[in-house]
Amino acid sequence: MDKSYQPKDIEQRLYERWEEKGYFAPQGDGEPYCIVIPPPNVTGTLHMGHAFQDTIMDALTRYHRMQGHRTLWQPGMDHAGIATQMVVERLLNAEGTSRRDLGREKFVERVWQWKDESGGQIARQTRRLGASVDWSRDRFTMDEGLSEAVRHVFVQLYEEDLIYRGKRLVNWDPVLHTALSDLEVLADDEAGNLWHFRYPLASGEGQLVVATTRPETMLGDSAVAVHPEDERYKDLVGQEIVLPIVGRRIPIIADDYVDPEFGTGCVKITPAHDFNDYDIGKRHDLPIYNILTDDAALNDAVPEAYRGLDRFVARDKIVEEFKELGLLEKIEDYTVKIPRGDRSHAVVEPYLTDQWYVKIEPLAKPAIEAVESGRIRFVPENWSKTYFDWMYNIQDWCISRQLWWGHRIPAWYDEAGNVYVGHDESAVREKHGLGPGIALRQDEDVLDTWFSSALWPFSTLGWPEKTDAVKEFYPGNVLVTGFDIIFFWVARMIMFGMKFMDDVPFREVYIHGLIRDQDGQKMSKSKGNVLDPLDLIDGIDLESLVAKRTAGMMQTHLAPGIEKATRKHFPDGIDAYGCDALRMTFGALATTGRDIRFDLGRIEGYKNFCNKLWNAARYVLMNTAALDDGDLEFSAADRWIRARLDATTRDMHRHFGSYRLDLAVQAIYEFTWHEFCDWYLELSKPVLQSDESSAALQRGTRRTLIDVLEALLRLLHPLIPFVTEEIWEQVAERAGIDADTIMLRPYPEASDDAADDDAVADIEWVKQFVLGIRQIRGEMDISPGKPLTVVLQQASESDRRRAGDHAHLLQRVGRVEAISVLADGDQPPPAATALLGDMRLLVPMKGLIDVDAERARLEKQMDKVRAELAKATGKLANENFVNNAPPAVVEQERERVLEFEKTLTQLEEQLRKLDELA
RNA sequence: UGUCCGAUAGCUCAGAUGGUUAGAGCGCCGCUCUUACAAAGCGGAGGUCGACGGUUCGAAUCCGUCUCGGACUACCA
C-alpha cells in the first residue's frame, strides 16, 4: 500500500467494477427497500445540492443493501420542459437561428440531441459521486413508458371530470409565451410608484381618486369599487364614471374587498388583468376588457394611439396623458411585489386564455389524510405543517404549457372546436365514431413538467403495466428531497399516488437543507459562488476556477466581482479531496433540516480522516501477515475495543434509522480515530512487538486487529464507499472472507454479549494513567520520548493489580520505565502529581521538574476543584434541592462532594511537599 | 399577513425524555519527524449557550416577551 491515500487512482476503477458486476441491482429475497431519485433536469449539471442529496440517498441505499434488503435506488432524469426549451433556444440564438425558424418537429429533434449530451454529463457526475443507482432501470420522464403513464393518467382524470379546460386568468409569461402555474411565479419587492388618478363622475359633479401601480391597465377598467360601509362614497354607489382617455362609462360598485383605510378607498377594477379584480368582476358581472397581446403589448381593444405599444411604454404615455388632462393627482414612491417567471424572469401578466386544469380538491383530500394519519411522515416533522398550509388552501392546477418540449396533451379538436380526449388519435376516432373524413388536430400544448414528475414513484417501475417492480417497490421507503419542491413535487406525488395506486408513494419524506456558500449565500450561477462537486473531488486550479465561474454568464457585468471573490476565497484553487472526503463532509453536515454553509475546512478534515483510515489499515496489514490457526487469547485491550465496536455499531444503526447522518459520522469518526487508532493500535504494539507475549496472545491481538478493522470498514462503507472497498479487499483476504465486494457484505450487528466490563474498566484505567503522565510531560516540558519513573501513592488493591497486569502497556504507550508502589506511611518524594481516582501518580523530580511550574499546575487544578466543590456543597445546602430532587441525584451530589474534598486534600498535601522543598 | 427555522468557542456545527466539570472538527499557542499516518502525535488556551422575564430544588434544554438573521406563504389597488 502507498504511504498515503490517493483517491484518484481507485475511485473510478472501483465504480466501473461495481457497475459491471451488477452490484447495484436489487439482490436476494430480503424485504424490499426503495428510494426513487429526484430526477435532475437533463439540461443542467449536478451542483452541490445534488451531490449532497445523492450522498444521503446512497448512504441509505448502501446501508439497507448491506442489511440484506432487496434494495433499489431508482435513477432517472427529468425533461424539465421550460428550462430545457430555454437552454436549447439560447443555443439556437447563438447559432443565429431560432425555434420558429426550425419549426416544431425539427426543434424537438434538436432538444433530444441536446438531452443526450447533457444527460450523459449528469450520468458521469452521478457515477463519480459513487451513487449506487441501478442503471439498468434508468428512466427519463419523456421515454415511451413514462409517456404512456402520462397519457393514461390524463385520460382517466379527464374521464372522471378531474381535468377540465377553461378560460380564466392565468399567469402569462410574455417572453416564453406560455401559461405558468402559481408556483412558477415568484414575487419580489421592487421599487415602483403609486399613481393617483382622478376619475370624473359621469354626472359632471366631482371626481374619485384611484391609486394604481399599473396605470396602463386603466384602459381595461370596467368599474371603480368602494367599500359598502364607506360613508364618503356610499351615495355614489350606482353612479358612473367616465373613464378618461377611453371615454367609457363604468359603474361605481361596492365590494367588501376594498380596504377603506388604504389610499383614497377607491379602487379601479380591471377584471382582465388582475386576479382580485377578476373575482370582483365575476361577482358584479362586469364586462372583461382584455387589452393585451401575447407579448404583453396593447391590442386593438384600446384607443388607436396606444395600439401595439409595449405595456411599459404605454404606462409612461398614460401617465403623461393624465398629466396633460389635469387628472394626475400625484405620484408616490412605492414598493411593489413584481411577479416574475421563475425561469424567464419576465414580468408575468394575469392573462385571459384557454388552459387545462386539474381539479385539485378531490385529490388533495386523501393526500392530506395520508400525512395526518401518519402513513407518511415528514422528517423533520415540522415540514408537515408547511405541507398542510399549502394543501388546505390549494388551487386548481394549470397544467397546460404553450411550449414545444414536453408531453403533448392528448386532446383533439374537430373543425367545430369540439374536444376529444383519448390515448391517441385512433382511439379518439374509435371511441367517438369519427370517420377518416373528419379532420382532427391535436392540442398544440404540452403538460407542465411536474405532471409527469408526479407519477415518478410508480411510472418508473413500469406502471400502468402491472410489473413485478411495481408490486415490489411501491410504495418506496423514503423520499429524500429539499423543501423547495414540497409543493411542486412532493405534494403532487402524494396526490397522484393516492389516486392511481391507492397508496402512499413513500412512507417517509426526509427534507434536507440547502447548501449555501461560506457566507451563507445561496449558490447560484449569477452570484458566481457555485461549486462543482467534481472540482472538490478532483481539484481545480485558481485560473480554471475563475474561468469556469465567469464563463457563459448572462450578466457579464458581474464577472469582475465574481473573479475577485473567487480569488479571495480560493487563493490556491481547490485541492483534490476525493469523493469519500466530500461524502463524509456532506454526511457530517446533514443535520436536521437546517441549511448548510459549505466550508472547505471541513472537507480537508475528512480527507485526513480517509488517510488516517488508510494508514491504520497499513499498520494492521503489516502486522497480520503471519496469521495462523491456533489458540487465541484476548487481551484486555482486545476485549475493550470489541466492546467499543459493539457500542459504535449500535450507534450507527440508531443514527441511520433516524436519518441522523451527522451523528453517524461523528460516532464513527470518534471510534475510528480516537479509540481504534489513538488507543487500540498503540496498545497492540506492546503485545505484537514483544518477545514476552505468548503466541496465543499475539494471535488474539492479530485476530482482533483484523476483525475490528474489517467490521469498521463495513460500518463506514455506506458513507465512504471507495476507500473502504479498496482497503477491504486486502483485509478480507487476511480475515479469511471469501467475497468479491464489501458492498454486499452484511452491515455489522452489535453482539448480544454483555459488554466486557472488566476489560473496559481496565483499559479506561490504563488510559487515565497514560493521560496523567502525558499531562505532566506536556506541562513540565518533558520530552515525550523520555522514560519516566512513576511512584504510586495510595494505590488500592486493584490499582496494584492493574499496574502489574498492564505494566507493559504503560511502559510502551506511556513511556513509563519503572513503577513502584509507595508503602503506607512512607514519605513520598518531591514529584509532579496526577490523580487517578483515589490514587496519586507521582513523577519524582530528580532535577527534571520545575518546582514553580508544578506549583502553578497544582494551584490551577485546585481552583477548578474548589469551584466545583463550592457549587456542589451549595446545592446540598439548599433544603429544597435535598427534599425535592430524586434521591439518586442527591446521593450523586454527596458523592461528588466527598470526591472533591479528598482530591483537594491530596493536592494540598502535595503542595505542602513542594513548599518544604523550596 | 400568517407560518416555520435559526442564534452555543475565533470559524463550521453537535448537544433525546430538564440533573456530574456544555462537546467535536478546523483555527490558535507550546512540545515532538516515537519503526501506520507531519494529511501525524502529545499537551494547552478559548464559551455568563442572543436579551429579558417565568416554571422548577435544578434550564443551553420547557413556557412567554423581545432583538437580530433566514425561509416559505398571502397581500392594499
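The basis for the numbers below is simple: all heavy atoms, side chains too, and nothing from hydrogens, waters or symmetry mates. Order of the sequence lines fixes the chain letters, A, B, ..., with proteins taken first and strands second; residue numbering starts at 1 for each chain.
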Evaluate the ring planes of A:Phe676 and A:Phe671, with Trp represented by its six-membered ring, and classify them as parallel (under 30°), tilted (30 to 60°) or perpendicular (over 60°). parallel
Go through the structure and list residues passing ring-ring contact (aromatic ring centres under 6.0 Å, His included) with A:Trp614, not counting sequence neighbours. A:Tyr5
When rounded to the nearest Å, what value does the distance between P atoms of B:G64 and B:C29 take? 45 Å
Can you tell me which stems involve RNA chain B, if a stem is defined as three or more consecutive Watson-Crick or G-U wobble pairs, both distances under 3.5 Å? B:2-7 with B:67-72, B:10-13 with B:23-26, B:28-32 with B:40-44, B:50-54 with B:62-66
Pairing of A:Glu682 and A:Lys685 as salt bridge, 4.0 angstrom limit: yes
Separation of the C1' atoms in B:A7 and B:U12, to the nearest angstrom: 14 Å
Determine: side-chain N/O of A:Trp673 to OP1/OP2 of B:A36, distance under 4.0 Å, yes or no. no
Counting heavy atoms from C-beta on, name the nucleotide in B:C42, B:C37, B:A36 closest to the side chain of A:Lys3. B:C37
Would you say A:Asn608 places a side-chain N or O within less than 4.0 Å of OP1 or OP2 belonging to B:A40? yes
What's the CD1-P distance between A:Ile485 and B:C72, to the nearest Å? 14 Å
According to a strict under-4.0 Å criterion, is A:Lys268 in side-chain N/O contact with OP1 or OP2 of B:A77? no
Please determine whether any donor N or O and acceptor N or O are separated by less than 3.5 Å between the side chain of A:Ser4 and the base of B:A39. yes
Any N or O donor-acceptor pair under 3.5 Å from the base of B:U12 to the side chain of A:Arg602? yes
Nearest-angstrom distance from the residue atom CZ of A:Arg815 to P of B:G43: 15 Å
Euclidean distance for C1', B:G6 against B:U61 (whole angstrom): 15 Å
Return the value, rounded to whole Å, for the distance between atom CD1 of A:Ile603 and atom C1' of B:C11. 17 Å
Just N and O in the side chain of A:Tyr387: are any of them under 4.0 Å from OP1 or OP2 of B:C72? no
When A:Lys337 and A:Leu681 are each assigned the nearest nucleotide of RNA chain B, the 5'-most assignment goes to A:Leu681
Is it true that a side-chain atom of A:Asn193 and a backbone atom of A:Trp195 form a donor plus acceptor pair closer than 3.5 Å? no
Against the side chain of A:Phe487, the closest entry in B:U34, B:C4, B:U73 is B:U73
Between the base of B:C37 and the side chain of A:Lys612, is there a donor and acceptor pair under 3.5 angstrom? yes
Do A:Arg774's NZ or CZ and the ring of A:Trp679 fall within the cation-pi criteria of under 6.0 Å and 45°? yes
Quick check on RNA chain B: between A:Trp614 and A:Val258, whose nearest nucleotide comes earlier from the 5' end? A:Trp614
Considering only atom P, compute the distance from B:A14 to B:G25 and round it to an integer number of Å. 16 Å
A:Gln730 CD - B:A36 C1' separation (whole Å): 14 Å
Among B:C37, B:U32, B:G19, which is the nearest nucleotide to the side chain of A:Ala885? B:G19
Nucleotide B:C5, atom P - distance to CG of A:Asp595 in whole Å: 14 Å
Kindly say whether, by distance alone, the side chain of A:Glu682 makes a donor-acceptor pair under 3.5 Å with the base of B:A36? yes
Between A:Arg896 and A:Glu868, does any side-chain N to carboxylate O distance fall below 4.0 Å? yes
What distance, rounded to whole Å, do you find between the two C1' atoms, one in B:A9 and one in B:C4? 28 Å
Picking from B:C37, B:C72, B:A71, which would you name as closest to the side chain of A:Arg516? B:A71
Going by side chain to side chain donor-acceptor pair (under 3.5 Å), name the pairs with one or both residues in residues 213-226 of chain A, residues two or more places apart or in two chains. A:Tyr199-A:Asp221, A:Arg214-A:Glu216, A:Arg214-A:Glu349, A:Glu216-A:Arg315, A:Thr217-A:Lys268, A:Asp221-A:Lys268, A:Asp221-A:Thr270
Interatomic distance at P, B:U17 relative to B:G54, whole Å: 23 Å
Can a salt bridge be assigned to the pair A:Asp189 and A:Lys337 using a cut-off of 4.0 Å between side-chain N and carboxylate O? yes
Would one find a side-chain N or O of A:Gln775 under 4.0 angstrom from OP1 or OP2 of B:G44? yes
How far does the P atom of B:U21 sit from the matching atom of B:U56, given to the nearest Å? 23 Å
Answer with yes or no whether the side chains of A:Thr624 and A:Arg734 bring together a donor and an acceptor at under 3.5 Å. yes
Could you tell me the separation between the CG atom of A:Asn884 and the C1' atom of B:U55, rounded to a whole number of Å? 14 Å
Between A:Gly220 and A:Pro271 the two heavy atoms that sit nearest each other are O-CD, 4.1 Å
Suppose you measure atom C1' in B:C66 against the same atom in B:C28; what distance do you get, rounded to whole Å? 36 Å
What nucleotide, of B:G19, B:A71, B:U12, holds the atom closest to the side chain of A:Pro886? B:G19
Spacing of A:Lys607 atom NZ relative to B:A38 atom P, expressed in whole Å: 13 Å
How many whole angstroms separate atom CZ of A:Arg812 from atom C1' of B:G41? 13 Å
